[in-house]
Amino acid sequence: QVQLVESGGGLVQAGGSLRLSCAASGRAFSTYLMGWFRQAPGKEREFVAAISWRGNSLYYADSVKGRFTISRDNAKNTVYLQMNSLKPEDTAIYYCAADSRGIQVTMRGVYDYWGQGTQVTVSS
């Protein structure tokens, strides 16, 4: 079992930045691929970014490429999402997730564990 707790969400103006954190507890965090997803009101949960267990492979949705950066610190059992140049369309609940297989990283159905989410609101 892996427990995931997100933090760092909040209200920010367009063009601003936020850094989300996801703290993991439980077994073998460093062996999981970690992902970030988001869900806006009335929309499906969508892939944002993912990072391999060693941190040497990074994956991004086209909508956030060049603005968001995913990273991880396995010694701290934490994965981060640095979000810059935020836009109102980035407003959503952001979830981190853990995947033990690391194959289809953009598909939410393959992830084994999920956090409760943290709200990000970007005002125009």
Side-chain angles (χ1 to χ4, degrees):
Q1 284 278 1
V2 175
Q3 293 80 42
L4 304 172
V5 179
E6 303 94 335
S7 62
L11 173 64
V12 63
Q13 288 189 331
S17 298
L18 281 174
R19 188 195 197 200
L20 305 183
S21 299
C22 174
S25 59
R27 55 183 293 267
F29 168 80
S30 61
T31 66
Y32 285 84
L33 176 139
M34 298 299 297
W36 285 97
F37 287 74
R38 66 186 181 186
Q39 188 166 16
K43 295 188 176 181
E44 291 192 352
R45 193 170 300 188
E46 65 176 4
F47 171 77
V48 175
I51 184 168
S52 61
W53 66 274
R54 285 194 298 178
N56 56 332
S57 295
L58 308 178
Y59 310 87
Y60 294 99
D62 288 343
S63 59
V64 306
K65 207 170 290 185
R67 299 188 298 123
F68 291 11
T69 303
I70 189 170
S71 62
R72 69 189 295 162
D73 185 338
N74 287 341
K76 295 183 177 180
N77 282 8
T78 302
V79 62
Y80 305 97
L81 186 67
Q82 177 66 43
M83 306 186 295
N84 298 329
S85 303
L86 283 161
K87 305 175 181 179
E89 50 264 44
D90 294 317
T91 295
I93 299 174
Y94 283 70
Y95 299 88
C96 72
D99 172 19
S100 61
R101 289 164 293 276
I103 300 175
Q104 296 172 301
V105 303
T106 65
M107 297 181 63
R108 63 181 186 269
V110 306
Y111 285 78
D112 304 288
Y113 303 103
W114 291 84
Q116 293 300 305
T118 185
Q119 176 71 49
V120 171
T121 303
V122 185
S123 63
S124 57

Is there a continuous path of hydrophobic side-chain contacts, each under 4.5 Å between heavy atoms, that joins Met107 to Tyr111? yes

Tyr94 reachable from Tyr80 in the ILVMFWY side-chain graph, under 4.5 Å edges: no

Between [atom1] of [X] and [atom2] of [Y], what distance do you get to the nearest 0.5 Å?
| X | Y | atom1 | atom2 | result |
| --- | --- | --- | --- | --- |
| Arg19 | Ser17 | CZ | OG | 12.0 Å |
| Trp114 | Arg45 | CH2 | CZ | 5.0 Å |
| Thr121 | Leu86 | OG1 | CG | 10.5 Å |
| Trp36 | Tyr60 | CH2 | OH | 12.5 Å |
| Gln39 | Arg108 | CD | CZ | 7.5 Å |
| Gln82 | Leu18 | CD | CG | 8.5 Å |

In this structure, which one of [options] forms a side chain to side chain contact (heavy atoms under 4.5 Å, CB included) with [X]?
| X | options | result |
| --- | --- | --- |
| Val110 | Val105, Ile103, Asp99 | Asp99 |
| Cys22 | Val5, Val79, Leu81, Thr118 | Val79 |
| Ile70 | Ile51, Val48, Val64 | Ile51 |

Taking the side chain as everything from C-beta on, heavy atoms only, tell me whether Val120 gets closer than 4.5 Å to Arg38. no

Hey, are the side chains of Asp112 and Arg101 touching, using non-hydrogen atoms and a 4.5 Å cut-off? yes

Check the angle between the aromatic planes of Tyr32 and Tyr113 and answer parallel, tilted or perpendicular using the 30° and 60° thresholds. perpendicular

Would you name the heavy atoms of [X] and [Y] that are closest together and state the gap between them?
| X | Y | result |
| --- | --- | --- |
| Phe37 | Thr106 | CE2-O, 3.8 Å |
| Leu33 | Ala50 | CD2-CB, 4.0 Å |
| Leu4 | Met34 | CD2-CE, 3.9 Å |
| Leu20 | Gly9 | CD2-N, 3.6 Å |
| Ala14 | Pro88 | CB-CD, 4.1 Å |

Quick check against the 3.5 Å criterion: does [X] have a side-chain atom that pairs as donor or acceptor with the backbone of [Y]?
| X | Y | result |
| --- | --- | --- |
| Thr78 | Ala23 | no |
| Tyr95 | Gly35 | no |
| Glu6 | Cys96 | yes |

Steps toward side-chain contact (heavy atoms from CB on, under 4.5 Å) verdict (Leu11, Gln119): CA-CA 8 Å; Leu11 173 64; Gln119 176 71 49; over 6 Å; no

Please check if the number of heavy atoms outside Lys65 that lie under 6.0 Å from its NZ is greater than 12. yes

Please check if the number of heavy atoms outside Glu46 that lie under 6.0 Å from its CD is greater than 12. yes

Is the gap between the ring centers of Tyr59 and Phe47 under 6.0 Å? no

Residue pair Arg67, Asp90: steps toward the side-chain contact (heavy atoms from CB on, under 4.5 Å) verdict: CA-CA 11 Å; Arg67 299 188 298 123; Asp90 294 317; 2.7 Å; yes

For Phe29, is the NZ or CZ atom of Arg72 found under 6.0 angstrom from the centre of its six-membered ring and inside 45 degrees of the ring axis? yes

